[in-house]
Amino acid sequence: MLTTLLAAAGLGLLIGASLGALGGGGSIITVPALVYLLGESPQAATTGSLVIVGVTSLIGAVGHARSGNVRWATGAVFGVTGIVASWAGSALNRHVEPNVLLLAFAALMLLAAVGMLRRARRAPLAGRERSDAPSTLTAAGLARFVGAGLLVGFLTGFLGVGGGFIIVPALVMALGLSMPVAVGTSLLVISINSAAALAARAGHATFDWSLILPFTLAAVTGSLLATRAADRVSPAALSRAFAALLILVATYVAVRSAVSLG
């Protein structure tokens with residue numbers, strides 16, 4: 001039991017650090033960690049992940065807000081856009097074979113790694129932010145904004161992930177938010193989608209609080225520490241490090257799941 005608690009704490013710190021510093025990335029490791037290291041079923045792990053990621057993101061958003069790096073109106077609109085999709089994803093989750101679910105997870109981790117590597121190569125967006133709400137978007141920009149919101153909501157409900165690796169680039173490219181503001185606003189969106197997905201699972205889900213609570217406490221701690229250190233650590237270096245970790249975990253998950261299916 002002590003070993004399990006220590007593993008949960010260590011993983012929680014890592015995932016919280018990614019959320020706090022990058023606005024995403026680390027949360028996608030939560031489900032594989034709960035399945036392969038802590039013995040949860042894929043369905044139970046996706047549910048537990050929603051609690052861990054949702055609480056950690058909300059507290060992280062408050063920390064970023066103190067520095068003025070959260071756009072509440074933008075985050076609320078983005079999050080509400082994905083609520084219906086998160087309910088649909090949660091409903092589908094209950095009917096998918098566990099190993100197929102994990103294979104989908106592996107594919108998503110690889111996409112997240114590619115996205116983080118691409119972000120690491122780009123220089124931070126210069127200039128002032130253009131908007132605090134999507135009302136000033138062009139028709140094409142609004143379509144991308146809504147599409148990203150729906151996709152993130154679905155992924156949150158289906159796989160229990162935050163989707164920050166989609167949210168942050170969408171906020172930067174579609175709305176012109178600076179990277180620190182996009183990271184803080186991303187955490188608000190993740191917390192909204194996580195809450196919606198949990199509500200959709202009410203009455204169907206089971207929670208292993210002996211694992212979820214220490215994992216969440218460690219993740220919150222990691223998020224708060226990373227938020228304070230974010231200005232002193234290179235986001236590009238963090239993105240590369242987490243991308244490499246995602247590729248390794250995705251490869252392991254894909255091989256294990258494919259063998260089990262075979």
Notebook entry, point to check: So how far is it from Ile212 CD1 to Leu50 CG, rounded to the nearest 0.5 Å?
Noted result: 9.5 Å
Check: Closest approach of Ala61 and Val70, non-hydrogen atoms and distance?
Finding: O-CG2, 3.4 Å
Next item on the list: Applying side-chain contact (heavy atoms from CB on, under 4.5 Å), run through Phe215 and Val51 and close with a yes or a no.
Entry: CA-CA 10 Å; Phe215 207 128; Val51 178; over 6 Å; no
Check: When hydrophobic residues are tied together by side-chain contacts of less than 4.5 Å, even through go-betweens, does Leu38 share a cluster with Tyr252?
Finding: yes
Check: Which atom names give the shortest non-hydrogen contact between Pro214 and Trp209, and what distance separates them?
Finding: CD-O, 3.9 Å
Next item on the list: Would you check if the side chain of Ser223 reaches a backbone N or O of Val220 as a donor-acceptor pair within less than 3.5 Å?
Entry: no
Would you tabulate the side-chain donor-acceptor contacts of residues 95-112 under 3.5 Å, counting partners in other chains and residues two or more places apart, or write 'none'?
| unit_1 | atom_1 | unit_2 | atom_2 | d |
| --- | --- | --- | --- | --- |
| Glu97 | OE1 | Asn99 | N | 2.8 |
| Glu97 | OE1 | Val100 | N | 3.1 |

Note to self: What I'd like to find out is whether the side chain of Val183 reaches to under 4.5 Å of the side chain of Asn69, using heavy atoms alone.
What the structure shows: no
Check: Going from CG on Leu159 to OG1 on Thr30, what distance comes out if it is rounded to the nearest 0.5 angstrom?
Finding: 12.0 Å
Next item on the list: Could you tell me the separation between the OG1 atom of Thr156 and the CG atom of Asn93, rounded to the nearest 0.5 Å?
Entry: 12.0 Å
Notebook entry, point to check: Which atoms form the tightest heavy-atom contact between Val253 and Pro32, and what is the distance?
Noted result: CG2-CB, 3.9 Å
Note to self: With rounding to the nearest 0.5 angstrom, report the CG to CD distance, Leu211 to Glu40.
What the structure shows: 5.0 Å
Note to self: Looking at Ser49 and Ala45, would you say the former's side chain and the latter's main chain have a donor-acceptor pair under 3.5 Å?
What the structure shows: no
Item checked: Contacts of type side-chain hydrogen bond (donor to acceptor under 3.5 Å, both in side chains), residue Ser90, not counting sequence neighbours -> none
Note to self: Nearest 0.5 angstrom please: Leu261 CG to Arg256 CZ, how far?
What the structure shows: 12.5 Å
Notebook entry, point to check: Any donor and acceptor pair, going by atom type alone, linking the side chain of Ser186 with main-chain N or O of Ala182 inside 3.5 Å?
Noted result: no
Checklist line | Nearest heavy-atom neighbours spanning Leu188 and Gly75 | finding: CD2-CA, 3.8 Å
Check: Under 3.5 Å, is there a donor-acceptor pair between the side chain of Arg201 and the main chain of Gly157?
Finding: yes
Next item on the list: Treating Ile, Leu, Val, Met, Phe, Trp and Tyr as nodes and any side-chain heavy-atom pair under 4.5 angstrom as an edge, say whether Ile192 and Val62 lie in one connected cluster.
Entry: no
Note to self: Do Val77 and Val152 sit in one hydrophobic cluster, given that two such residues count as connected whenever their side-chain heavy atoms are within less than 4.5 Å of each other, even indirectly?
What the structure shows: yes
Item checked: Exceeds 12 heavy-atom contacts within 6.0 angstrom, atom CZ of Arg66 -> no
Item checked: Between CD1 on residue Ile52 and OG on residue Ser57, distance to nearest 0.5 Å -> 11.0 Å
Next item on the list: Give me the one residue out of Leu58, Ile190, Leu187 that meets side chain to side chain contact (heavy atoms under 4.5 Å, CB included) with Val53.
Entry: Ile190
Checklist line | Leu151 with Leu92, same ILVMFWY side-chain cluster at under 4.5 Å | finding: yes
Next item on the list: Would you name the heavy atoms of Ala44 and Thr206 that are closest together and state the gap between them?
Entry: CB-OG1, 4.5 Å
Check: Of all heavy-atom pairs between Phe78 and Gly149, which one has the smallest distance, and what is that distance?
Finding: CE2-CA, 3.3 Å
Margin query: Please say yes or no: joined through hydrophobic side-chain contacts below 4.5 Å, possibly via intermediate residues, are Leu34 and Leu213 part of one cluster?
Written below: yes
